[in-house]
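Report on the structure given below.
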Amino acid sequence: MLWRFFPDYTRRRSIACACGGTSFVAILPAPFPYIAMTAGWMTAEIGRQPWLVYGLLRTADGASPLVHSGNALFTLLGFLGIYLTLGLLFLFLIAQTIRHGPAGHSAQSEHA
Amino acid sequence: MMETFWYCAVTLMLAMYAVLDGFDFGLGIVYRFVARTEADRRIALAAIGPVWNGNEVWLIAAGGLLFFAFPKAYAAGFSGFYLALILVLWLLIARGLALELRSHLNHTLWRQFWDAVFAGASTLLAIVLGAALGNLIRGMPLTQGGYFFVALWTNFMTGPDPGILDWFTILMGVTSVAILAFHGANYLAMKTEGQLRGQARRAAWLTGFAVLVLVGLAVASVPFVQPSFHLNYAAHPIGSILPLIGLASLVAALGFRRRNGDAGAFYATSLMILAMLASTAWRSYPNILIATNDPANSLTVTNATAGAYGMQIGFWGFLIGFGLIIVYQVIAHRAFWGKVQL
């Protein structure tokens, strides 16, 4: 399935280093920066609880007193929707870029 | 004394934001009408391409300064306008996405979709930010603890239980669309040539007259919405110089427009926005958030302030930081000076 995103350069290019085995290993670490960033952020946010400002202000005391939970739920759902759309757009555009192949090989039509 | 300095500093940051991000919002408002072909649209987007992102940061900086200097007003304002501010955030996200993603796919439908998002988000942002200013003028029902929450709308009246949208704030929103469209069209005319410049000039001419009418209406309705706004004039008539500068800049902008002085018209609308916001802030002083129910609940520069020590220290930090920003902005704008080259 993953291979569909990666046109095999080996057949079109005769450069020795772009052979199947090494390029497959090279793409394996791609998800790790995302995992590392998300995990680091979650460590900071969850690890600090129940404090909003460590030792000074509790999360429960930092909440806006007059914003109703319905409003917060509405905006949370809105953000979920935005980030879901963004994620799908990201995957779609990445797939497009990969289909284009490496720069100079099948040159991108335009960029403005 | 320090409180007054910080009140001026926050006002200055917000006014700079309105002038700088204002021209790229304005360009977004007129964009779909003046740039008809793909070539023109790319030139129009390239006119703001290198600067719109930096312009937006002035809003963050203004919010940061408000948090630093007047934390109680910051807390009250950001929770009271919760829904409106989240809306602003979503619109800013959509607008940034449109600018960034448009070029990634060479497909007519894709580009038209993001063009519509860009223009729509720019227009709605101008409305929401204009309405926000309207809310600051009209005031809000503050509790004794210094909090409030306003729904997006109630009965569209400016009474004791107002919504974010009422007749006055909607008028302010529409006025803001006209002002920023005028401002942005002047900018586009200054940065382009040929047919696109001709279209931008036509748009500027039309919106310029809309500004004249709408600003007149908005200014005339302020005494009905916020009677306390004449107090500072009564005490210090010298302050009337600010709205007079605003009016003179508007007349100058229309004068430059008549003679196709694109750069002159753009600088005149910039000065107009600065003067109008300065005059609003001057009339509101010392109130930051005006209570509609009981004047004693208003958040002012004295009861919403952070400690004196922090303000003193921050004074030097602000001067150094502000100087650096100005230097950066001058360099960034000079690097892309003159007509757009693709």
Side-chain angles (χ1 to χ4, degrees), chain A residues 4-5 7 34 37-38 41 45 51-112, chain B residues 38-47 49 67 71 74-107 110-111 113-114 117 121 140-152 164 340-342:
Chain A
R4 280 169 47 98
F5 292 129
Y34 295 94
M37 277 190 286
T38 312
W41 195 256
E45 294 296 324
W51 298 100
L52 200 59
V53 182
Y54 191 76
L56 282 177
L57 181 67
R58 284 180 172 270
T59 307
D61 300 327
S64 300
L66 297 181
V67 174
H68 299 296
S69 56
N71 291 318
L73 182 66
F74 167 70
T75 53
L76 177 66
L77 290 175
F79 275 113
L80 285 176
I82 287 176
Y83 280 100
L84 181 67
T85 315
L86 265 179
L88 293 174
L89 271 174
F90 171 77
L91 289 178
F92 170 68
L93 287 171
I94 286 284
Q96 289 285 324
T97 308
I98 292 170
R99 277 209 193 87
H100 268 286
H105 191 64
S106 64
Q108 257 183 311
S109 50
E110 55 181 317
H111 189 84
Chain B
E38 175 63 21
D40 277 357
R41 292 197 166 174
R42 283 174 63 180
I43 293 174
L45 291 179
F67 180 41
Y74 173 87
F78 276 63
S79 65
F81 294 131
Y82 180 74
L83 292 175
L85 285 168
I86 294 284
L87 215 62
V88 167
L89 190 57
W90 288 350
L91 288 169
L92 285 173
I93 291 174
R95 191 168 171 278
L97 281 178
L99 284 165
E100 293 293 339
L101 292 182
R102 181 185 192 279
S103 63
H104 277 271
L105 212 60
N106 190 7
H107 190 284
W110 175 268
R111 296 203 161 172
F113 172 75
W114 290 115
V117 171
M140 55 287 295
L142 281 156
T143 64
Q144 278 187 329
Y147 283 101
F148 69 98
F149 186 82
V150 280
L152 282 178
I164 286 167
V340 173
Q341 313 273 337
L342 276 188

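Protein chains get the first letters and strands the later ones, always in sequence-line order, with residue 1 at the start of each.
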Nearest-0.5 Å distance, NE2 of residue A/His68 to CG of residue B/Leu83 = 10.0 Å
Rounding to 0.5 Å, atoms CZ (A/Phe74) and CD1 (B/Ile86) come to a distance of 9.5 Å
Cut-off 4.5 Å, heavy atoms of chain A, and the answer for B/Leu45 is neither
Atom CZ of B/Phe67: over 12 foreign heavy atoms under 6.0 Å | no
Measure the spacing between CD1 of A/Ile82 and CG of B/Leu89 and express it to the nearest 0.5 Å.
-> 7.5 Å
Closest heavy-atom contact between A/Thr75 and B/Trp90?
-> O-CZ2, 3.5 Å
Could you tell me which portion of A/Ala72 (side chain, backbone, both or neither) has an atom closer than 4.5 angstrom to a non-hydrogen atom of chain B?
-> both
Taking all atoms of both residues into account, what is the closest heavy-atom pair of B/Tyr82 and A/Asn71, and its distance?
-> CE2-O, 3.9 Å
Bottom line for A/Phe90: the part with an atom under 4.5 Å from chain B's heavy atoms is neither
Can you establish whether the number of heavy atoms outside A/Glu45 located under 6.0 Å from its atom CD is more than 12?
-> yes
Value rounded to 0.5 Å, distance of CG in A/Leu89 from CG in B/Leu101 | 6.0 Å
